[in-house]
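The analysis underlying the following values was restricted to heavy atoms, covering all of them including side chains, and did not include hydrogens, waters or symmetry mates. The first residue in the sequence is number 1, and the count goes up from there.
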Amino acid sequence: MERENRNCNIAAIFSGFRALGLYSNHLAHVLRFHKKHREFYVLTAVGQCFHTYNVKKLGIVAVSNALPEDISSLAADRMLVYAAYGKHISAFAKNKEVVHTYTGHQGDVHLLLPFGDHLISVDKDNVVIIWDVESEDTYLQISYDKASFEVSALMHPSTYLNKILFGSSQGSLQLWNIKSNKLLFTFPGWASAVTVLQQTPAVDVVGVGLASGQIIIHNIRCNETLMKFQQDWGPVTALSFRTDGHPIMASGSPIGHIGLWDLEEKKLVSQMRDAHTTAIAGLTFLQNEPLLITNGADNAIRVWIFDVAGGDGRLLRHRTGHSAPPTKIKHNDQSGLNILSAGQDGTLQSFSTVHERFNKSLGHGTLNKTRAKKKGVTHDTAKLPAITTFASETARQSDWDGIIACHRGFLVTTTWSYQKGSIGAHKLEPELWSYVVQAVDITSCGNFAVIALSSGHIDVYNMQSGFHRGHYGKDKAHAGPVRGVSVDALNQLTVSVGADRLLKIWRFKSKELLHTHSLPAAPASSLLHRDSGMLAIALDDFTIQILDMETRRAVRRFSGHRGQINDMTFSPDGRWLITASMDCAIRTWDLPSGSLVDCFLVDAAAVSLSMSPTGNFLASSHVDGLGIYLWSNNTLCSMVSLRPLSADYEPTVIMLPGTCPSKDTEEEEVLDADSSEMLEYISPAQLDEHLVTLSLLPDSRWKNLLHLDIIKKKNKPKEPPKLPKAAPFFIPTIPGLVPQFALPTTPSEDQSKVVNLGVLAQKSTFYLQLENALDNNSYEEPVKLLRELGPSAIETELRALSPDMGGEVRVMQSFLKMISSILQSKRDFDLAQAYLALFLKLHLRFIADQPELMEEAESVSAHLEETWMSMQTLLNQNICLLSYIKSALL
């Protein structure tokens, strides 16, 4: 229940999207063949879910829904995929949805074997349970004594009906008939724990892998050992046999080597060394094809093809991620489609957010590239340690190296080429020993690299030639280690922060010191947003300071983190600063308002962050995590409230992307609609009674009122309209801008047929409303009616107010009072001006002759002058303030 409550809370701005660079873990892969597609699929476990890839292109096909715990064993039959987690087993249909759950084990399940309509599982307590797949009932349960027979492997020998072969850690094997629950035979073993049991292409013959490194080919029908092989690399972790006509057996080892054995000549024919950097978790030959699929705990899936004479396999295709957690990630270019990632395994890799086929590995850092090619990565004595931080620039990456990286505890800084996908030509080494590089940066033009050392020195190098181009300061730039260095967008200024609690701004070209700023605490790192000129400085007291490079002043200070700040990133527009710290929180700060607008917790602290240049994704890497996690920016596709969070705000824990069940996404969105999404703002009719409010009507409804005679002359038809031969049928409508149908009136029988001339002088609705307004002093209805009329209709209504057209003086007086009420309410100010101007244009002479109308007109003039004076005062104040801001030197 607690887990469900955690999943129901999502962050306002960011929500989990997907994970990159996760392909395999220490569990063996599972191979399936789809009869309808005529294609092989490989399944690998990744944490709480499993991935499905097609073997043809190693493209990801499906990602399963997440389980509550990490998967401990994986198996599959023709229809279902079985995954064990803790004491439970789940069966997945269509590689995604859980359709069955099997509970009954008292210990953690670590072995699974599908067997027809049944499933066999073994737990750590040495209990074997045979399940009926459909009913989820227990068909049979077998308990072993751990001291005498601890089950370590199991298999079903081909053509042996209802028979299962169990291997033990004591070395013995047992053949059981699970239908009759009888032990048929016990094989004494070979005095070593059984690690692998694998069916050979021959009936009755089984391959047995032992912890001693021995591989036994044994005939279980005759209880006769046919051949033995000795592997010198430790216990046998996996076995597989070719079925395409070559008598070859492949064996896996804990150190990543694969041995290829000829079963006819009974000898080792080839070695595939360093196929993986960790233990071989699983290897499988495809049925009747010269392809071998391997996976390991180094987060890699590889497909090898045997098409070369001599029996050695070459790498055909692969999917490889980091084998150790990433230390630094950064988007490579302005498209935001590629993310550079440096890992603790010493490699620099690029991951595509579009498709895995665009991923590339830039390799492992080395001091001697030629020697490393000859010896290989594992035996390279000049191999460099892991990259701690790097900087990249794409401006000149097609001409020379565009990436510069510093290594853990190392003085040498390396350059890398993204285009070539390898380490670059230069090793930038300052003439100082026993110091290390702390920070690096590349200018926006891609020509220069700035390197900061733990000694306090800051050096500049040319990226094309690798030559030294100067240093900052007479002796050194800072008295202590330099924690951060950045160059602005125009190569005018260089800013550095050091452990001496000083921030220094230098002229980039002349290396002259321009400004020194004292910091309240020692800085941990710094980050410059080049477009806005904002410099973020993370301090050792867990606070963040924002310095404006233009004014050289600290403009913001953020506090709230409860642990060391690991990384920071700006949004593309420079409005947000996203920070991650060791308190497992990822916080989003709004720079204009100076407040915290979003915060959420993750299970593992984020060590690096990078915001996409397009603003659509936030990428993060985490402690002990091998993947890169993408978080989508919700503000791009929905209205999100950016209200400042309160001081006592308690963030909620969010599951990392790729492990969140997709079926709960819609429920989460519904549950959190009130909290995360901002309701659509409905503006009131008037914001404040002291403000003058204009109408929202189009200009054409009131601007042309004074020019109607000119418009009528221009629009006068040259010839009268002709009646069409077959006129279409139209329902009669009432004239006006809002379409309204004229309802037919049925004459009554007693109605007189004599024409009443009084009907011809009928009063309009507007006229009647003005008459009523004289009594109740409410002018809302006539104003509302005028807003709905067009310019011609308004002119007709105002003309009809004159006594010459059947109107009255008191109604004209009511119209002037209506204008006064609009001015007093300070609403529809533009309409009041237009209506008054047209009224005066039509009836000015008549108003001058009528004392009542003159008195009311003077009242309207007083209201108008008062409103204009207040507006003029406000406008003058704003113009004065803007002029001062534009001219003053702040």
For this session: Apply salt bridge (Lys or Arg N to Asp or Glu O under 4.0 Å) to Asp307 and list each qualifying residue two or more places apart in sequence or on a separate chain.
Result: Arg314
Problem set entry | ring-ring contact (aromatic ring centres under 6.0 Å, His included) against Trp400, all qualifying residues, sequence neighbours excluded | none
Problem set entry | Residues forming a salt bridge (Lys or Arg N to Asp or Glu O under 4.0 Å) with Lys267, sequence neighbours excluded | Glu265
Exercise. Between the main-chain N or O of Asn126 and the side-chain N or O of Asp123, is there a donor-acceptor pair closer than 3.5 Å?
Worked result: yes
Exercise. Okay, side chain of His622, backbone of Ala604: is any donor-acceptor separation there less than 3.5 Å?
Worked result: yes
Problem set entry | Asn299 versus Ser24, side-chain donor and acceptor atoms under 3.5 Å | no
Problem set entry | Check: Gly59 main-chain N/O paired with Asn54 side-chain donor or acceptor under 3.5 Å | yes
For this session: Hey, can you tell me if Tyr144 and Trp176 have their rings parallel, tilted or perpendicular (30° and 60° cut-offs)?
Result: perpendicular
Exercise. About how many Å separate NE2 of His322 and CD1 of Ile628, when rounded to the nearest 0.5 Å?
Worked result: 5.5 Å
Seminar exercise, completed: With sequence neighbours left out, the residues meeting side chain to side chain donor-acceptor pair (under 3.5 Å) with Thr44 are none
For this session: Just jot down the ring-ring contact (aromatic ring centres under 6.0 Å, His included) partners of Tyr85, sequence neighbours excluded, or say none.
Result: His88
For this session: Applying side-chain contact (heavy atoms from CB on, under 4.5 Å), run through Thr327 and Thr388 and close with a yes or a no.
Result: CA-CA 6 Å; Thr327 55; Thr388 53; 5.8 Å; no
Problem set entry | All salt bridge (Lys or Arg N to Asp or Glu O under 4.0 Å) counterparts of Arg242, not counting sequence neighbours | Asp244
Exercise. Do Thr243 side-chain atoms and Asn288 backbone N/O form a donor-acceptor pair below 3.5 Å?
Worked result: yes
Exercise. Which residues pass the side chain to side chain donor-acceptor pair (under 3.5 Å) test with Asp77, sequence neighbours left out?
Worked result: Tyr82
Problem set entry | Thr186 side chain to Leu173 backbone, donor-acceptor under 3.5 Å | no
Problem set entry | ring-ring contact (aromatic ring centres under 6.0 Å, His included) involving His318 - partner list, sequence neighbours excluded | none
Problem set entry | Qualifying side-chain hydrogen bond (donor to acceptor under 3.5 Å, both in side chains) pairs with a residue from residues 196-210, counting only residues at least two apart or across chains | Tyr160-Asp204
Exercise. Counting N and O atoms only, with roles assigned by atom type, does the side chain of Gln344 sit under 3.5 Å from a partner on the main chain of Ala386, one being a donor and the other an acceptor?
Worked result: no
Problem set entry | Atom NZ of Lys163 with >12 non-hydrogen neighbours under 6.0 angstrom | yes
For this session: Applying side-chain contact (heavy atoms from CB on, under 4.5 Å), run through Leu119 and Ile89 and close with a yes or a no.
Result: CA-CA 10 Å; Leu119 173 68; Ile89 306 164; 3.9 Å; yes
Exercise. Does the distance from a Lys or Arg side-chain N to an Asp or Glu carboxylate O, for Glu356 and Arg18, drop under 4.0 Å?
Worked result: yes
Exercise. Passes side-chain contact (heavy atoms from CB on, under 4.5 Å), Tyr418 versus Asn332? Steps please.
Worked result: CA-CA 9 Å; Tyr418 185 81; Asn332 184 47; 3.6 Å; yes
Problem set entry | Heavy-atom check, side chain of Arg319 versus side chain of Arg357, under 4.5 Å | yes
Problem set entry | Residues His331, Ser610; criterion side-chain hydrogen bond (donor to acceptor under 3.5 Å, both in side chains); working and verdict | CA-CA 6 Å; His331 282 84; Ser610 180; 2.7 Å; yes
For this session: Report the C-alpha separation of Phe166 and Phe149 in whole Å, then their side-chain angles, then the decisive distance to 0.1 Å, and conclude whether the ring pair (Phe, Tyr, Trp, His ring centres under 6.0 Å) test is met.
Result: CA-CA 9 Å; Phe166 293 96; Phe149 195 91; 7.1 Å; no
Problem set entry | With sequence neighbours excluded, residues passing side chain to side chain donor-acceptor pair (under 3.5 Å) with Thr195 | none
Problem set entry | Nearest-0.5 Å distance that lies between atom OG in Ser73 and atom NE2 in His110 | 8.5 Å
For this session: Kindly check if the number of other-residue, nucleotide or ligand heavy atoms within 6.0 Å of NZ (Lys146) is above 12?
Result: yes
Exercise. Should the heavy atoms of other residues, nucleotides or ligands under 6.0 Å from CE of Met227 be counted, would the total exceed 12?
Worked result: yes
Problem set entry | Test side chain to side chain donor-acceptor pair (under 3.5 Å) applied to Ser417 - qualifying residues, sequence neighbours left out | none
For this session: Evaluate side-chain contact (heavy atoms from CB on, under 4.5 Å) for Thr414 paired with Phe390, printing each intermediate quantity in order.
Result: CA-CA 9 Å; Thr414 55; Phe390 63 88; over 6 Å; no
Exercise. What about Phe306 and Phe285, are their ring centers closer than 6.0 Å?
Worked result: yes
Problem set entry | Ring geometry between His156 and Phe115 (parallel below 30°, tilted from 30 to 60°, perpendicular above 60°) | perpendicular
For this session: Return the set of residues passing salt bridge (Lys or Arg N to Asp or Glu O under 4.0 Å) with Arg38 (not counting sequence neighbours), or none when no residue passes.
Result: none
